[in-house]
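Values below: every heavy atom of this structure, side chains too, minus hydrogens, waters and symmetry copies.
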Amino acid sequence: MVSNANSFFDFDGTLVDSETFHADNWSAYLATYGVTLTAADFIEYYAGVTWPKIAKHFIDSYQLSVDVVTITTDMEALTEAKIRQYGIPALPGVDALLKDFLEKFQWLL
């Protein structure tokens with residue numbers, strides 16, 4: 001019998017569609033500064049890049065009158081609000097996978 005078992009998932013991009021979620025958020029946020037960024041462009045050029053680096057790129061490229069800390073703080077707040085309101089969509093098949101996992105490994109809980 002297992003007395004203390006834990007399961008951890010790296011769900012960012014493996015169980016949920018986080019790239020599209022973040023792309024949509026960045027696109028909406030940058031639009032408030034008059035910057036057009038499609039979700040497809042975000043995914044192609046900025047997926048996996050840290051938020052401070054993304055913020056600095058857009059500040060420098062578009063001469064935005066805002067600092068990196070403000071952008072990252074705003075993006076954190078926007079992200080939290082969107083997660084609380086809508087969640088992040090699971091990738092296809094994830095619900096069934098987790099249900100199957102729970103059935104097979106319920107003894108771990």
Side-chain angles (χ1 to χ4, degrees):
M1 179 174 179
V2 176
S3 62
N4 187 9
N6 294 300
S7 296
F8 295 95
F9 291 100
D10 174 12
F11 65 90
D12 188 25
T14 57
L15 297 181
V16 297
D17 188 6
S18 56
E19 286 183 354
T20 301
F21 173 81
H22 289 301
D24 290 341
N25 289 343
W26 274 96
S27 178
Y29 180 78
L30 289 171
T32 66
Y33 289 97
V35 176
T36 300
L37 175 67
T38 66
D41 283 345
F42 178 89
I43 290 169
E44 183 173 351
Y45 300 110
Y46 306 104
V49 178
T50 65
W51 286 6
K53 287 183 181 178
I54 296 170
K56 180 158 179 24
H57 167 78
F58 282 98
I59 290 167
D60 294 345
S61 297
Y62 293 90
Q63 294 80 44
L64 302 180
S65 57
V66 63
D67 59 61
V68 170
V69 172
T70 299
I71 289 179
T72 56
T73 300
D74 288 351
M75 283 302 300
E76 287 171 2
L78 174 63
T79 299
E80 181 178 349
K82 293 286 186 174
I83 289 171
R84 288 183 186 279
Q85 186 174 8
Y86 303 109
I88 302 176
L91 290 169
V94 168
D95 290 336
L97 173 72
L98 292 177
K99 182 180 178 186
D100 185 52
F101 180 84
L102 179 60
E103 289 172 2
K104 289 180 180 175
F105 299 102
Q106 189 171 10
W107 58 271
L108 288 172
L109 301 176

For [X] and [Y], which heavy atoms make the closest approach, and how far apart are they?
| X | Y | value |
| --- | --- | --- |
| Ala55 | Ile71 | CB-CG2, 3.6 Å |
| Asp24 | Ala39 | OD1-CB, 3.5 Å |
| Ile54 | Val49 | CD1-O, 3.5 Å |
| Asn25 | Leu78 | O-CD2, 3.6 Å |

Derivation of the side-chain contact (heavy atoms from CB on, under 4.5 Å) call for Ile83 and Phe21 | CA-CA 9 Å; Ile83 289 171; Phe21 173 81; 3.5 Å; yes
Is a donor on one side and an acceptor on the other found under 3.5 Å between the side chain of Thr70 and the backbone of Val66?
->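 Checking the backbone N and O of Val66 against the side chain of Thr70, no donor-acceptor pair under 3.5 Å is found.
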Main-chain N/O of Leu37 paired to Ser27 side chain as donor or acceptor, under 3.5 Å =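 Between the backbone of Leu37 and the side chain of Ser27 there is a qualifying donor-acceptor contact (under 3.5 Å).
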Working to the nearest 0.5 angstrom, can you tell me the gap between [X] [atom1] and [Y] [atom2]?
| X | Y | atom1 | atom2 | value |
| --- | --- | --- | --- | --- |
| Thr73 | Trp51 | OG1 | CH2 | 10.0 Å |
| Thr38 | Glu44 | OG1 | CD | 8.5 Å |
| Tyr33 | Leu64 | OH | CG | 7.5 Å |
| Glu19 | Leu91 | CD | CG | 9.5 Å |

Pairs where residues 66-75 contributes a residue and the test salt bridge (charged side-chain N to carboxylate O under 4.0 Å, His left out) is met, not counting sequence neighbours =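 Qualifying pairs: none.
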Acceptor/donor pairs from residues 95-105 side chains to any protein atom, 3.5 angstrom cut, sequence neighbours excluded:
unit_1: Asp100; atom_1: OD2; unit_2: Lys104; atom_2: NZ; d: 3.2

Pair Tyr29 and Phe58, ring centroids less than 6.0 Å apart =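 No, the ring centres sit 6.0 Å or more apart.
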Establish, yes or no, whether a centroid distance under 6.0 Å links the rings of His57 and Tyr45.
->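 No: the rings miss the under 6.0 Å criterion.
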Could you state whether Ile88 and Ile43 fall into the same hydrophobic cluster, counting links through intermediate Ile, Leu, Val, Met, Phe, Trp or Tyr residues with side-chain heavy atoms under 4.5 angstrom apart?
->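 Ile88 and Ile43: separate clusters.
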Hydrophobic cluster membership, Val16 vs Tyr46, 4.5 Å side-chain cutoff |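 No, it is not one cluster - the side chains of Val16 and Tyr46 are not joined through contacts under 4.5 Å.
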